[in-house]
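Inspection log for the structure reproduced underneath, given as structure tokens.
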Amino acid sequence: MGLVSFVTGIVAPIFIIISPITSYADQTYSIHRTKSSAGFSLDIPLIMLVASVLRVFYYPGAQFDKSLLIQSFIMIAIQLVLLKVALDHRPGPSSKGGETANPFAGAREGEFGVQRPYNFWQWRSPKPYWQFLLYFFLTLVCLEVVLSPVPSLYAMYSASIGIMGLSIEATLPIPQILSNFRSRSCKGFRLSVLASWIAGDIMKMFWFFTATSEIPWTFKLCGIFQMCCDLFLGGQYWVYGEGEPVLKGHHDLGVRVNGHVLGEKDIRLG
């Protein structure tokens, strides 16, 4: 067995399967240890849970590589734990860094010109989060039962949820990018998560384009887009660092250099 065949056939699938643990275990422990999820976007568990559940229901129609299916189940488990820990230790909106857990928290003031209907995924009570996930799962189960006996409709349905799930997963870095942009800081977002994302992207791209097993093109295209977003997030980490977040409404009072804010007296010439 050649080196490329060994990596493609054994190393890459194992790496893909355990990537949810290597990517999010440190972030989960960090939130539990510090008793605060400030700086961590709650949209990350939302995106990964929705995408992974959709991928599980996509499998009967697509029959893609089983490594990706196993990864989806592990991802669901780790994201449920991460969501529980993040909600348990979510800071109040009045506390320092409290709003950074909601990447679109400034939307009500028109910062991004977007407002979520019914404050979706920004609820203060934990109960609606779990209710949404339960209803989402039950809806997919009902659709599976109703449509699976009709092959023509089921094929279209399966392809649609596959594209939807992979497209949602490809947007994973965007909420964190917006959260970092708002606060001008990456504080609260673990470097280990970023490193595992980028390492995972590299391994996935290698595996997607060299594997002999069935890997649909939707996986490849969405993977390329996600890798570009992860690299942009890496650029943010290099520019912003882990300095203290800039308070909203005070962005114009200074500039950030290597993760530190310099006020007017620090940058005044002469």
Side-chain angles (χ1 to χ4, degrees), residues 19-56 71-109 111-112 114-140 165 168-169 171-183 185-194 196-197 233 242 244-245 247-248:
S19 61
I21 300 174
T22 58
S23 297
Y24 297 102
D26 183 55
Q27 180 74 67
T28 304
Y29 175 72
S30 174
I31 294 174
H32 175 72
R33 179 175 54 83
T34 61
K35 306 300 181 185
S36 174
S37 61
F40 175 74
S41 173
L42 287 177
D43 281 356
I44 290 178
L46 168 66
I47 290 172
M48 292 312 302
L49 283 168
V50 171
S52 298
V53 171
L54 286 173
R55 191 194 292 182
V56 168
Q71 183 208 41
S72 298
F73 282 113
I74 296 177
M75 182 65 77
I76 291 171
I78 192 69
Q79 291 298 328
L80 288 174
V81 174
L82 177 57
L83 178 62
K84 176 66 166 61
V85 173
L87 289 175
D88 286 346
H89 300 297
R90 181 171 45 165
S94 60
S95 63
K96 187 176 182 180
E99 287 191 342
T100 59
N102 294 324
F104 298 105
R108 288 187 289 271
E109 289 80 24
E111 185 170 336
F112 293 109
V114 177
Q115 183 173 0
R116 296 191 184 188
Y118 307 105
N119 290 323
F120 178 72
W121 211 255
Q122 293 178 335
W123 306 296
R124 296 312 306 170
S125 171
K127 185 177 179 180
Y129 293 87
W130 307 112
Q131 287 179 328
F132 167 78
L133 293 173
L134 177 61
Y135 295 154
F136 177 69
F137 173 76
L138 293 177
T139 299
L140 290 175
I168 291 172
E169 183 178 354
T171 66
L172 172 64
I174 293 179
Q176 192 64 50
I177 288 173
L178 295 176
S179 178
N180 296 343
F181 176 78
R182 287 187 62 246
S183 62
S185 172
C186 296
K187 187 177 179 63
F189 180 66
R190 300 287 291 178
L191 179 59
S192 59
V193 174
L194 176 60
S196 63
W197 282 3
L233 185 57
E242 293 189 357
E244 290 298 324
L247 296 178
K248 186 170 62 177

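Under the side chain to side chain donor-acceptor pair (under 3.5 Å) criterion, S23 pairs with S196, not counting sequence neighbours. For T171, there are no side chain to side chain donor-acceptor pair (under 3.5 Å) partners two or more places apart in sequence or in a different chain. Every residue was checked against the side chain to side chain donor-acceptor pair (under 3.5 Å) condition with Q27, not counting sequence neighbours, and none meets it. Residues that satisfy the side-chain contact (heavy atoms from CB on, under 4.5 Å) test with A86, not counting sequence neighbours, are I31, S37, F40, L42. Take I74 and apply the side-chain contact (heavy atoms from CB on, under 4.5 Å) test, not counting sequence neighbours, and it matches I17, P20, I21, I70. Applying the side chain to side chain donor-acceptor pair (under 3.5 Å) test to S52 and every residue at least two apart in sequence or in another chain returns nothing. Here S125 pairs with K127, P128 under the side-chain contact (heavy atoms from CB on, under 4.5 Å) rule; sequence neighbours left out. In terms of the ring pair (Phe, Tyr, Trp, His ring centres under 6.0 Å) criterion, residue partners of F120 (sequence neighbours excluded) are, by chain and number, W123, F132. With sequence neighbours left out, L191 forms a side-chain contact (heavy atoms from CB on, under 4.5 Å) with L194, Y237.
Rounding to the nearest 0.5 Å gives a distance of 13.0 Å between OH of Y24 and CG of L83. Atom-to-atom distance recorded for Q79:CD and I47:CD1 is 10.0 Å, nearest 0.5 angstrom. Rounding to the nearest 0.5 Å places CG of L233 at 6.5 Å from SG of C186. Atom-to-atom distance recorded for I168:CD1 and L54:CG is 5.5 Å, nearest 0.5 angstrom. Rounding to the nearest 0.5 Å gives a distance of 5.0 Å between CD of Q71 and CZ of R55. Separating the CG atom in L178 from the CG atom in D43 is a distance of 9.0 Å, to the nearest 0.5 Å.
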Quiz prompt | Criterion ring pair (Phe, Tyr, Trp, His ring centres under 6.0 Å) on F189 and W197, from CA distance to verdict | solution = CA-CA 12 Å; F189 180 66; W197 282 3; 5.5 Å; yes

Quiz item: Does the side chain to side chain contact (heavy atoms under 4.5 Å, CB included) test come out yes or no for W130 and L87, once each step is laid out?
Solution: CA-CA 11 Å; W130 307 112; L87 289 175; 4.3 Å; yes

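Here the side chains of L80 and L133 are in contact, with some heavy-atom distance below 4.5 Å. In this structure, N180 and S185 have side chains that are not in contact, with every pair of non-hydrogen atoms separated by 4.5 Å or more. The shortest distance between side-chain heavy atoms of V56 and I76 falls below 4.5 Å. Annotation: side chain of R124 is in contact with side chain of R90 (closest heavy-atom distance under 4.5 Å). Side-chain atoms of L49 and F136, non-hydrogen and from C-beta on, never get closer than 4.5 Å to each other.
A salt bridge does not link R33 to D26: none of the charged nitrogens lies less than 4.0 Å from a carboxylate oxygen.
Annotation for S41 and P175: closest pair OG-CB, 3.4 Å, computed over non-hydrogen atoms. Of all heavy-atom pairs between Q176 and I44, the closest is OE1-CD1, 3.6 Å.
For residues 73-84, the salt bridge (charged side-chain N to carboxylate O under 4.0 Å, His left out) pairs, not counting sequence neighbours, are K84-D88.
Surrounding NE2 of H89 are more than 12 heavy atoms belonging to other residues, nucleotides or ligands, all under 6.0 Å away.
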